[in-house]
2 protein chains.
Amino acid sequence: MFSLNYRDARPIYEQVKEGLRRLMVTGAIQMGEKLPSVRALAGTLAINPNTIQRAYEALEQEGYLYTIVGKGSFAAGKGDGSLARRETLLGQFDAAATELLFLGMTTEELAHRIQKANGREGQAR
Amino acid sequence: MFSLNYRDARPIYEQVKEGLRRLMVTGAIQMGEKLPSVRALAGTLAINPNTIQRAYEALEQEGYLYTIVGKGSFAAGKGDGSLARRETLLGQFDAAATELLFLGMTTEELAHRIQKANGREGQAR
DNA sequence: TAAGTGTACTAAGGCACATGGTACAGTCTT
DNA sequence: AAGACTGTACCATGTGCCTTAGTACACTTA
């Protein structure tokens, strides 16, 4: 599924968030698919269920999953992302692009990189 | 110069790093220009000099500034960025691009955004 | 009924961050 | 030579977030 890095400065629940988000964005987890339960994922990653709960809670607020009490958590659709998440991403995108241009990369190189990213995304139709 | 956000989850020294990096990347601080001293910047931002010191130390390791004991710290040139920093940026760029494409943005929209970023960058020749 | 689901608490410990203080070596101005 | 400025290096302290552990409750499903 994905792995944790305890040497990373970022908190575990952030790594869980990014790991799940990545699986959904790349199509490894498709829309409507059931995610592992809080306790199950906690057991797999050998961490506390509370930490998983925190990650799920945040992902739900970002629009990446919805939850039904007693049934479980499920991956949301593409159009369900929050505006706040989109703004955050655009900020990260612009900052990275500006700095990479400063470091000598060309607009063509970055544009080509987007093409490759477009290939990775949405392999799930 | 730039401002701190105490409600932000990121540590202060990270915000200082990003603030200075942004000023250098956008040309507001040019190559070879002297940066404010550790104590001066600490006074301006109303924080501890140790925190500034930590930010400067990290920026030097990233290749964004060089320092001369007794004289001060100075903005480095474009070609002095570390490879590690470049790899970090490329990772952030790809991740943001992939997720934005998932959320419905087109490659053309992102490419156009890079053009605008290219306008902001390097206004200092 | 029993097992599995999300959710909500509380208590405790660990760790990074930030502060305050002191000190030293080097550079520059006077 | 003296003083003011630079970066740098400690140490001790407090705070807040993260993480764990444990318990409990409402709901769904087999």
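Order of the sequence lines fixes the chain letters, A, B, ..., with proteins taken first and strands second; residue numbering starts at 1 for each chain.
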Would you mind telling me which of dC17(C), dG7(D), dT20(D) lies closest to the side-chain atoms of Asn48(A)?
dT20(D)

Minimum-distance nucleotide (side-chain atoms of Ser37(B) versus dG6(C), dT20(D), dG7(D)):
dG7(D)

Can you tell me if the side-chain N/O atoms of Thr51(A) get under 4.0 Å from OP1 or OP2 in dT20(D)?
yes

To the nearest 0.5 Å, how far apart are CZ in Phe93(A) and CG in Leu89(A)?
10.5 Å

Please report the distance, rounded to the nearest Å, between OH in Tyr6(B) and P in dT15(D).
16 Å

Please figure out whether Gly70(A) or Ile47(A) has its closest DNA chain D nucleotide nearer the 5' end.
Ile47(A)

Protein-nucleotide distance (Leu45(B), atom CG; dT19(C), atom P), rounded to Å
10 Å

Under 3.5 Å donor-acceptor pair, Arg39(A) side-chain atoms to dG6(C) base atoms:
yes

From CZ of Arg10(B) across to P of dC17(D) the rounded distance in Å is 16 Å

Inter-residue atom distance Leu41(B).CG - Ile47(B).CD1, 0.5 Å rounding
6.5 Å

Rounded distance (nearest 0.5 Å) linking atom CE of Met24(B) with atom CZ of Phe102(A)
7.5 Å

Checking all strands, does Glu57(A) fall into the base, sugar-phosphate, or nothing category for heavy-atom contacts under 4.0 angstrom?
nothing

Give a yes/no answer on whether the side chain of Arg54(B) brings an N or O atom under 4.0 Å of OP1 or OP2 in dA18(C).
no

Any donor-acceptor pair under 3.5 Å linking the side chain of Gln15(B) with the backbone of Asn5(B)?
yes

Ile68(A) CD1 to dT7(C) P, in whole Å, measures 11 Å

Is the phosphate of dG26(C) approached by Lys71(B) (side-chain N or O, under 4.0 Å from OP1 or OP2)?
no

Protein-nucleotide distance (Asp8(B), atom CG; dA16(C), atom P), rounded to Å:
20 Å

Can you tell me if the side-chain N/O atoms of Tyr13(A) get under 4.0 Å from OP1 or OP2 in dC18(D)?
yes

Among dT19(C), dT6(D), dG6(C), the one nearest any side-chain atom of Ser73(A) is dG6(C)

Asn50(B) side-chain proximity, nearest of dA9(D), dT7(C), dT19(D)
dA9(D)

Atom NZ of Lys17(B) to atom P of dA18(C): distance rounded to whole Å?
12 Å

Taking CZ from Phe74(B) and P from dC5(D), how many angstroms apart are they, rounded to a whole number?
17 Å

Say you draw a straight line from CG of Asn118(A) to CZ of Arg113(A); how long is it, rounded to the nearest 0.5 Å?
14.5 Å

Whole-Å distance separating the CD1 atom of Ile12(A) from the P atom of dC18(D):
11 Å

